[in-house]
Amino acid sequence: MRKGVRIANKVGRVNRGGVGRALGGGTALLMVLLSATAGRAAAQVDTIPGAVRHLGVVYESYVPTLAISPFTGRFGGLTVAPRVEAVIARDLRYSDRFEMMDSIPLAPGGGAVDYGLWDQFGADWLVTGQVEGLGNRFVLVLELHDVVFSEVKERARFSLPRPDAEDFRMAIHAISDDVVRWITGEPGMAASRICFSMESAAGSQELYVVDSDGENLRRLTNFNSLTMSCSWSPDGSRLAFLSFASGDPAIHEMEIATSQTRVLEFNRDGQPMTPVYHPNGEEIIFSLADGAESGLFSWRVREDCCLWRLTAGRWNDLSPSFSPDGRRLAFNSNRLGVAIPQIYVMPAESGGRPDLVSPYLYGQGGYYTSPDWAPSGDRVAFHGRYRRGSYHILIADVAAQGQRLLQLTYEGNNEDPSWAPDGRHLVFVGERDWGFGLFVVDTVSGRIRPVLSGVRPRVPDWSPSLASTEPPTREN
Amino acid sequence: MLHRGLIISVVAAGLFVASCGQEELPPPPPPPVEEGPNQDSIDAARRAAEEAARRAAEEEARRAAALEAAREALTAMVFFDFDMAEIRSDAEGVLQRKVDVLRASPAVQLRIEGHADERGSSEYNLALGSRRAEAVRQFFVNAGLAESRFDVRSYGEEQPREMSSNEQSWAQNRRDEFVITAGGNQIQVPGGGQ
């Protein structure tokens, strides 16, 4: 049975020339299956109206099996190589792109890779690594083996920070993302962080960041105030957020490396909220509630000038999110009624009519907020509920205007999704029987894992890739 | 008082001794009569002064209580229905008392702070709190008060009064709070301070 699947996949890879394209073929098949099961899927749903898809009926594409041979090398002591290996192994598991084989204590066959043996174990891909020294610097020599074709697919030397350095783990995460790209041709998300706000021990709400794998939680602000709604700049170097630190609510911008923070002074009445960067990194778009009216405004952060109004009305427009090309904007608005906020998309240059992408049905209510535009450009994630149901994470196909939805959560309450830089995972705040936590869902398999639990995080924002721009030395 | 009592006891003891004794003793000399201001009138004056002071203190306490009531009227919270920013009928009386105090106290300025319960999204609740604060400012403006006396802001769902997740707590958390930002020492009791 399993052998059959693997053989079929090998044929697929040979014929289509890559796993990425093989997955594409699977998606086409999925659509066909979906139309056949659409009626059944609709009947199962009593929470969200419209044509909601559920991952339970999704055909699972073939997931290649990946093995990691124990990393070798004694430079820096016996513990460094296993530490590097452990971080990469977990990153690759968290990528949800591979069936990870249980680790094998010894490299079978000693020196040279025995492809026949790994093939017998069921591996499609094999990663081997060796930690070496170059002077007093650490170098990881990594090899990716294509077991099916019995060859080395990639070989590269990565220089590593010292194991006690602060950026040691992040440098390894970047290597994990390279492995993902080698195999799938797609970006990873291991080298990234998640910003969110949370109550500190002193009782104030501060900003925190945590690495994508849940490690390295640290507090960014100590304002002793209410601070929330952080948003990463496109280059990952700055954060914009709302804070009451200076007394009045204001948008702040922080240079993360130095913690240097400034207040954006608009010289305009009203409470600013929900800032987000334009993909060009030079503008911040935010909501300003001024009197009974509110709207979305832009502000040029580089020049520190020029308040520009994008929308206005006697309602609230908030939580803007740009399409990756910066041409369109998704946002939340209660223009159809105060208790029924919905998700809209509109041209960012203003003037265009906003289109609904949440599943609003006239007279049926529904509450949908917190949109985040996917890096892939074609989908918007948000959360919401229908009537008195629970809050769940949904993804809407932008082109289908609320007619094609994917529901990703079924348990508890779930809020504030934010896309990972791989365009595949979402982070969100989940409420379960045992409390709150920060969770990550894989939008392809539906797999959910907790990142932080037992804390009450708010409004997370996933960073862009924080991998260093210095490319590894590839040796093939 | 104590002296007089003592004298009376001594006299009584003397009489008792006298009545029981065999020898007749001359009667004791009468107590000297004090000349000058009458003790009763001194007491009366003191009482009057004390009464006046008491009245003044009572009046002061009444005024302080009225002032405190006015201050409490200014800072009394108003509550809202789920996901709504409309002024509830039970809030109108609370707001009208604020209007009365504000009219009498032109130096007073208020910050109106809108809050929401934990349900719904954090960011949407910021907007909801902002609408709740704005609804009350509009009530004041409609009552003829200057808009510039009011500053509005929203804390969304981030500063609950009650931590439990039930309707009773949520109802307490859907509120506007009021902070006196200026003229706190110039509050006048409506109706001329009577």
Side-chain angles (χ1 to χ4, degrees), chain A residues 196-197 199 203-205 225-229 242 244 247-249 269-274 287-294 314-320 332-334 337-341 365 367-371 382-385 388 390-391 413 415-417 429 431 436 456-460, chain B residues 80-88 109 111-142 146-161 163-167 170 174 176-177 179 181-182:
Chain A
F196 59 97
S197 66
E199 197 170 291
S204 58
Q205 194 166 315
S225 182
L226 170 57
T227 301
M228 62 184 285
S229 293
L242 165 70
F244 290 65
D248 292 325
D269 285 343
Q271 176 164 341
M273 298 180 273
T274 67
S287 174
L288 193 66
D290 174 26
E293 207 173 66
S294 110
R314 299 185 69 78
W315 50 70
N316 294 110
D317 291 340
L318 70 157
S319 306
N332 171 230
S333 177
N334 56 6
V338 290
I340 48 166
Y367 178 116
Y368 304 100
T369 65
S370 309
F382 52 94
H383 82 262
R385 68 171 190 175
R388 295 262 159 172
S390 303
Y391 296 92
N413 283 297
E415 291 185 12
D416 290 316
V429 176
E431 182 188 12
F436 288 90
R456 174 65 168 104
R458 290 169 187 280
V459 203
Chain B
F80 294 85
D81 285 334
F82 174 62
D83 223 345
M84 302 303 271
E86 261 89 67
I87 307 288
R88 276 184 353 201
Q109 296 188 9
R111 185 168 71 226
I112 310 166
E113 302 178 342
H115 296 263
D117 70 34
E118 66 184 2
R119 292 170 297 167
S121 80
S122 298
E123 293 187 338
Y124 184 76
N125 280 336
L126 267 181
L128 180 57
S130 147
R131 285 206 310 280
R132 284 175 176 161
E134 187 53 40
V136 165
R137 172 156 74 175
Q138 206 51 50
F139 184 97
F140 291 155
V141 170
N142 292 346
E147 188 172 343
S148 59
R149 296 174 67 185
F150 309 102
D151 180 27
V152 294
R153 66 171 56 170
S154 168
Y155 288 101
E157 65 177 75
E158 313 305 327
Q159 297 187 350
R161 292 178 69 218
M163 296 305 290
S164 315
S165 291
N166 55 50
E167 179 48 40
W170 293 331
R174 299 189 296 262
D176 276 356
E177 290 193 14
V179 177
T181 53

Hey, which of B/Glu157, B/Gln159, B/Met84 has the most heavy atom pairs under 4.5 Å with chain A? B/Glu157

Contacting moiety of B/Arg119, where chain A heavy atoms sit under 4.5 Å: both

Contacting moiety of B/Arg131, where chain A heavy atoms sit under 4.5 Å: side chain

Listed partners of A/Tyr391 passing side chain to side chain donor-acceptor pair (under 3.5 Å), at least two apart: A/Arg385

Distance-only polar pair, side chains of A/Ser319 and B/Glu123, donor-acceptor under 3.5 Å: yes

Name the residue from B/Glu147, B/Glu134, B/Gln138 that meets the side-chain contact (heavy atoms from CB on, under 4.5 Å) definition with B/Val152. B/Glu134

Counting only heavy atoms closer than 4.5 Å, note whether A/Thr369 contacts chain B via side chain, backbone, both or neither. side chain

Leading residue by heavy atom contact count with chain A [cutoff under 4.5 Å; candidates B/Gly156, B/Ala127, B/Ala133]: B/Ala127

Short side-chain to backbone donor-acceptor contact, A/Ser229 and A/Thr274, under 3.5 Å: no

Please state whether the side chain, the backbone, both or neither of A/Asp248 comes within less than 4.5 Å of a heavy atom of chain B. both

Decide whether A/Ser370 and A/Glu415 meet the rule of one side-chain donor and one side-chain acceptor closer than 3.5 Å. no

Would you mind checking which part of B/Ser130 comes under 4.5 Å of any heavy atom in chain A, side chain (CB onward), backbone (N, CA, C, O), both or neither? side chain

Parallel, tilted or perpendicular, as decided by the 30° and 60° cut-offs, for the rings of B/Tyr155 and B/His115: parallel

